[in-house]
There are 2 protein chains.
Amino acid sequence: MASIKDVAARAGVSVATVSRVLNDHPSVSADARTRVLAAVGALGYRPNAVARSLRTDQTRTLGLVISDVMNPYFTELARSVEEEARALGYSVIIGNADERPDLQDHHVTTLLDRRIDGLLVSPTDGGSPRMLDAARTGTPMVFVDRWIPGVDVPVVRSDGRGAVRDLVAHLHALGHRRLAIIAGPAATTTGRERVDAFREALGAYGLALPDAYIGQGDFQADSGRRVTEGFLDLTEPPEVVFAADNLMALGALDAVRARGLRVPDDIALAAFDDIPWFVHTDPPVTAIAQPTRELGRAAVRALVDRVEGGPGESVSLPARLVVRRSCGEPAPPQSPSPVRRSTS
Amino acid sequence: MASIKDVAARAGVSVATVSRVLNDHPSVSADARTRVLAAVGALGYRPNAVARSLRTDQTRTLGLVISDVMNPYFTELARSVEEEARALGYSVIIGNADERPDLQDHHVTTLLDRRIDGLLVSPTDGGSPRMLDAARTGTPMVFVDRWIPGVDVPVVRSDGRGAVRDLVAHLHALGHRRLAIIAGPAATTTGRERVDAFREALGAYGLALPDAYIGQGDFQADSGRRVTEGFLDLTEPPEVVFAADNLMALGALDAVRARGLRVPDDIALAAFDDIPWFVHTDPPVTAIAQPTRELGRAAVRALVDRVEGGPGESVSLPARLVVRRSCGEPAPPQSPSPVRRSTS
DNA sequence: CTGAAAGCGCTTACAG
DNA sequence: CTGAAAGCGCTTACAG
């Protein structure tokens with residue numbers, strides 16, 4: 001692969017001059033510039049980003065450590081992060097922690113070894129030593145979605161309290177009184193907050209959230225399945241199950257179906273995190289939607305601000321309730337579409 | 001951040017010795033080793049991967065350029081790629097082309113600038129000049145899922161012909177005779193192959209695939225919606241729509257529902273690519289499943305083999321038909337589960 | 001405007 | 001077993 005020396009030789013200038021034209025430094029003669037550009041073109045030269053990074057001490061790369069890529073919520077978040085980063089001239093390297101603290105640590109370490117300019121993380125647990133260390137040492141960092149209390153790092157997240165209140169009001173109006181929740185891991189902020197918000201909202205209606213109605217999940221489908229089975233085995237099963245994320249809702253759907261029961265007739269279901277598939281499930285799932293794209297964008301902007309020496313603003317965006325059919329809502333007016341039906 | 005010099009100073013040895021213990025070079029005295037290790041621990045030293053890469057001319061990083069991260073098939077592929085790469089001591093940087101040739105080119109360029117050791121790509125189109133160039137120049141490379149004919153690069157993919165034949169047999173047995181397909185972009189191998197396989201399989205039953213029954217999609221949901229609307233507008237609409245990927249199937253589901261019609265009563269639906277959500281859609285979708293995990297693993301192994309100077313073996317794994325309910329299949333025996341039903 | 005030179009943080013022959 | 005030194009491919013004061 002051609003190096004800057006080759007370009008210099010071919011253009012008949014020094015490597016310093018080549019570097020200058022490549023970096024748009026003003027003091028280069030027009031003549032030198034054209035010769036260099038010609039050589040670059042002829043050689044198909046591309047600067048070695050590794051060498052440049054070593055020299056400039058910046059990689060123009062952001063790290064993103066998320067809990068689970070297979071979760072559509074995080075997939076969308078990752079996509080939005082990459083988009084915004086690209087717009088700002090950064091690349092992003094994604095580390096998938098798979099809800100495993102050890103993997104999270106592995107990725108944080110690898111990313112730091114590569115000297116990324118900044119780190120975006122949605123912590124899986126209370127935070128690995130490596131990560132805490134990085135935060136303390138001043139590595140530009142921001143938390144997205146989940147965060148670690150007590151660590152002085154901006155956090156970009158969505159506030160689900162209002163939407164959870166709306167959900168509970170909705171369920172109450174539908175006549176449901178025994179409401180259960182499949183919680184996320186207590187080690188995560190979102191795991192705890194969603195339970196708290198739910199309990200608080202129930203309280204406003206004089207409803208309690210007994211321990212038997214709090215199932216401990218881990219944000220993965222399997223745990224939703226397991227917890228739901230437990231709920232169904234209760235002498236007095238809940239009328240509604242609220243899954244704290246979309247994957248656990250999927251698992252709940254499985255469990256209900258496996259028993260030959262139906263949602264919402266036998267038991268209602270609602271989920272935190274909305275995804276395109278919820279429109280197409282049987283039945284369509286009532287869910288709380290986060291402004292995922294905006295979250296990703298805001299997180300990148302906050303991080304880049306930190307990278308460039310700014311304070312990096314925390315932001316909290318409201319989530320909202322999306323009502324569909326999984327809680328016993330009345331059927332929507334079946335549009336008597338004036339459409340030709342296919343031959344029977 | 002501590003550098004190798006700091007470690008050397010603290011341990012009272014030269015940087016060469018530090019480097020040797022870090023790289024497990026045999027000729028280091030036990031004494032030197034322990035002093036170095038102690039210094040490393042005390043300083044929290046971590047080698048700068050950028051500097052190491054510049055020196056060794058290897059980054060231990062693989063690039064993966066995929067067409068669309070939001071497509072669950074590619075998400076799973078990416079995940080499996082990262083897993084296998086990690087097991088082999090490599091990191092992976094993912095570039096999301098979003099089915100856009102210009103974005104694909106951007107990522108290939110960026111990845112190459114970063115001097116990744118090898119490139120895994122699922123080309124969005126006929127191949128950008130940059131990519132073709134890299135292939136020719138000898139950058140270790142392998143195609144996954146999609147490939148570019150005529151480019152001498154190993155390809156790891158799944159062969160859907162058998163499964164498509166099984167699908168057509170299945171549809172034929174169900175009494176369907178007018179079968180249509182929502183094709184992927186003609187610029188992609190998978191876009192073309194799936195149509196060919198479908199046509200061939202139909203031929204075996206003396207069935208034709210008229211042009212009106214070939215809708216041009218682009219692997220995204222919207223195109224599935226649009227094409228399906230076109231099918232429904234036909235004087236003689238098809239009895240079955242086969243979507244060449246899962247996202248277009250989603251779009252088709254939308255379109256059918258938007259007209260107040262039902263799958264499979266009004267029109268049947270099948271999809272290429274199986275995903276967890278298809279179990280939960282209304283109705284569950286009959287699909288062709290690729291061995292995605294294995295594909296990812298095989299692709300990484302082939303690429304790492306190339307990186308290490310090997311030939312990099314092409315592999316083709318068979319896909320298989322997964323029958324569910326979207327084609328008018330008889331209802332499964334409703335398991336009269338011996339399970340307590342929830343109150344009411 | 002231009003070039004020689006130093007230096008980023010490592011690794012690795014080469015001598016000893 | 002150990003260290004001094006060269007060099008990976010760049011960028012950037014410093015002189016001119």
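Lettering of chains follows the sequences in order, A, B, ..., and the numbering in each one begins at 1.
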- Query: If the sugar-phosphate is the primed atoms plus P, OP1 and OP2 and the base is the rest, what is the B/S/- string for nucleotides 8-16 of chain C, using protein heavy atoms under 4.0 Å?
  - Reply: BBBBBB---
- Of all residues at least two apart in sequence or in a different chain, which pass the side-chain contact (heavy atoms from CB on, under 4.5 Å) check with A/A11? A/V13, A/R35, A/V36, A/A39
- Query: side-chain contact (heavy atoms from CB on, under 4.5 Å) with B/V155: which residues, sequence neighbours excluded?
  - Reply: B/F143, B/W147, B/R157, B/S314
Side-chain atoms of residues 53-62 of chain B: list all donor-acceptor pairs with protein atoms under 3.5 Å, sequence neighbours left out, distances to 0.1 Å.
{"from": "B/S53", "atom 1": "OG", "to": "B/A49", "atom 2": "O", "distance (Å)": "3.0"}
{"from": "B/S53", "atom 1": "OG", "to": "B/Q58", "atom 2": "O", "distance (Å)": "3.2"}
{"from": "B/T56", "atom 1": "OG1", "to": "B/R52", "atom 2": "O", "distance (Å)": "2.9"}
{"from": "B/T56", "atom 1": "OG1", "to": "B/Q58", "atom 2": "N", "distance (Å)": "3.4"}
{"from": "B/T56", "atom 1": "OG1", "to": "B/Q58", "atom 2": "O", "distance (Å)": "3.4"}
{"from": "B/T59", "atom 1": "OG1", "to": "B/R115", "atom 2": "O", "distance (Å)": "2.9"}
{"from": "B/T59", "atom 1": "OG1", "to": "B/D117", "atom 2": "N", "distance (Å)": "3.4"}
{"from": "B/T59", "atom 1": "OG1", "to": "B/D117", "atom 2": "OD1", "distance (Å)": "3.2"}
{"from": "B/R60", "atom 1": "NE", "to": "B/G89", "atom 2": "O", "distance (Å)": "3.2"}
{"from": "B/R60", "atom 1": "NH2", "to": "B/L88", "atom 2": "O", "distance (Å)": "3.3"}
{"from": "B/T61", "atom 1": "OG1", "to": "A/R114", "atom 2": "NH1", "distance (Å)": "2.5"}
{"from": "B/T61", "atom 1": "OG1", "to": "A/R114", "atom 2": "NH2", "distance (Å)": "3.0"}
{"from": "B/T61", "atom 1": "OG1", "to": "B/T59", "atom 2": "O", "distance (Å)": "3.0"}

- Tell me, please, which residues at least two apart from B/D145 pass side chain to side chain donor-acceptor pair (under 3.5 Å). B/Y73
- Where along residues 25-44 of chain A does a heavy atom fall under 4.0 Å from DNA chain D? none
- Message: Which residues pass the salt bridge (Lys or Arg N to Asp or Glu O under 4.0 Å) test with A/E76, not counting sequence neighbours?
- Response: none
- Note on the structure: For DNA chain D, the expected dot-bracket line (Watson-Crick or G-U under 3.5 Å, [ ] crossing, | inter-strand) is |||.||||||||.|||
- Item | Set of salt bridge (Lys or Arg N to Asp or Glu O under 4.0 Å) partners for B/D133, sequence neighbours left out | B/R136
- Task: Using the test side-chain contact (heavy atoms from CB on, under 4.5 Å), find all partners of B/D125 that sit at least two apart in sequence or belong to another chain.
- Result: B/P101, B/Q104, B/A187
- Message: Distance check, P atoms only: D/dA5 and D/dC1, in whole angstrom units.
- Response: 23 Å
- A/R301: what forms a salt bridge (Lys or Arg N to Asp or Glu O under 4.0 Å) with it, not counting sequence neighbours? A/E84
- Message: Can you check the distance between D/dC10 and D/dC14, where both ends of the measurement are the P atom (answer in whole Å)?
- Response: 24 Å
- Message: Check this for me: does any side-chain nitrogen of one of B/D98 and B/R100 sit under 4.0 Å from a carboxylate oxygen of the other?
- Response: no
- Task: Please identify each residue that fulfils salt bridge (Lys or Arg N to Asp or Glu O under 4.0 Å) with A/R33, with sequence neighbours left out.
- Result: none
